[in-house]
Amino acid sequence: MKIKICGINDSAIAREAEALGADYLGFIFVPGTPRAVTVSQVSQIIQGLSHRARFVGVFTTASVEEILATMQTAGLDIVQLHRLANAEDVRRLQEAGYEVWTLAGGFPGDGVLFDSSHGEGERTLRTGVWKTILAGGISVGNLSEAMRSGADVIDISGSLEESPGVKTLSRLRAFFAAFRKGR
């Protein structure tokens, strides 16, 4: 099972998440949200990393052209369409060389995200030929249940925050301690 820390907007959190063993770091390109980042912020954050983790760009309404420009400029690895994707968008992003994760209920990509906190997609985890990503409301308190779900990736964000968009090192460390204990 792999771990994605999403909503990264701080260099210290990114460094610590990578050092603790995060497999994926997610950067949210949704202006006006508490976890939103710009290309320049992400470029600065990832400069100080070892690049052991893979970098995920999260998009909701951006066009394929906007996504491709952002991915290339920021140096990201995986596109996450946090919307009900269509086959054409997925195909174009894959043809550009990106792994694509989509919200369950839309056209499946290389990974399918089942997010209990998102009202648009399917929430019940199901498997397929894709990587399964479980998100939404995961915390230290329900981590063992999430780990038993059969998901390939656990995507965590909000429970690591003291307020929306502000993650703490202590919560991040507690999460990884619980994850290691539960393995």
- [ ] Please name the pair of heavy atoms, one in Leu172 and one in Ile13, separated by the smallest distance, quoted to 0.1 Å.
- [x]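 What the structure gives for the nearest pair is CD2-O, 3.8 Å.
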
TODO: Please report the closest heavy-atom contact between Ser139 and Ile156, naming both atoms and the distance.
DONE: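 Scanning both residues, the minimum pair turns out to be CA-CD1, 4.3 Å.
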
Task: Residue list, side-chain contact (heavy atoms from CB on, under 4.5 Å) with Gln41, at least two apart or on another chain - done: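 With neighbours one apart ignored, the set is Val37, Thr38.
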
Task: Set of residues satisfying side-chain contact (heavy atoms from CB on, under 4.5 Å) with respect to Phe107, sequence neighbours excluded - done: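 In terms of side-chain contact (heavy atoms from CB on, under 4.5 Å), with neighbours along the sequence ignored, Phe107 is linked to Ala87, Val90.
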
Task: Qualifying residues under ring-ring contact (aromatic ring centres under 6.0 Å, His included), relative to Phe175, sequence neighbours excluded - done: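 With sequence neighbours excluded, Phe175 shows a ring-ring contact (aromatic ring centres under 6.0 Å, His included) to no residue whatsoever.
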
Calculate, to the nearest 0.5 Å, the distance between atoms [atom1] and [atom2] belonging to [X] and [Y] respectively.
X: Glu162; Y: Ser170; atom1: CD; atom2: OG; value: 8.0 Å
X: Leu113; Y: Leu134; atom1: CG; atom2: CG; value: 8.5 Å
X: Lys181; Y: Ser144; atom1: NZ; atom2: OG; value: 10.0 Å

Open item on the list: More than 12 heavy atoms of other residues, nucleotides or ligands under 6.0 Å from NZ of Lys131: yes or no?
Closed with: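 Above 12, so yes.
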
- [ ] Indicate yes or no: at least one non-hydrogen side-chain atom of Glu99 is less than 4.5 angstrom from one of Gln80.
- [x]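 Glu99 vs Gln80: side chains apart.
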
TODO: Name all residues meeting the side-chain hydrogen bond (donor to acceptor under 3.5 Å, both in side chains) criterion together with Asp110; count only those two or more places apart in sequence or in a different chain, and write none if there are none.
DONE: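 Applying side-chain hydrogen bond (donor to acceptor under 3.5 Å, both in side chains) to Asp110 gives Gln94.
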
Open item on the list: Assess the residue pair Arg54 and Glu18 against the criterion (salt bridge (Lys or Arg N to Asp or Glu O under 4.0 Å)); give the C-alpha distance rounded to whole Å, side-chain angles, the decisive distance to 0.1 Å, and a yes or no.
Closed with: CA-CA 9 Å; Arg54 296 183 71 204; Glu18 192 178 53; over 6 Å; no

Task: Which residues share a salt bridge (charged side-chain N to carboxylate O under 4.0 Å, His left out) with Arg171, sequence neighbours left out - done: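 So Arg171 forms no salt bridge (charged side-chain N to carboxylate O under 4.0 Å, His left out) with any residue.
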
Open item on the list: Going by ring-ring contact (aromatic ring centres under 6.0 Å, His included), name the pairs with one or both residues in residues 30-71, residues two or more places apart or in two chains.
Closed with: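 Non-adjacent pairs meeting ring-ring contact (aromatic ring centres under 6.0 Å, His included): Phe29-Phe59, His51-Phe55.
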
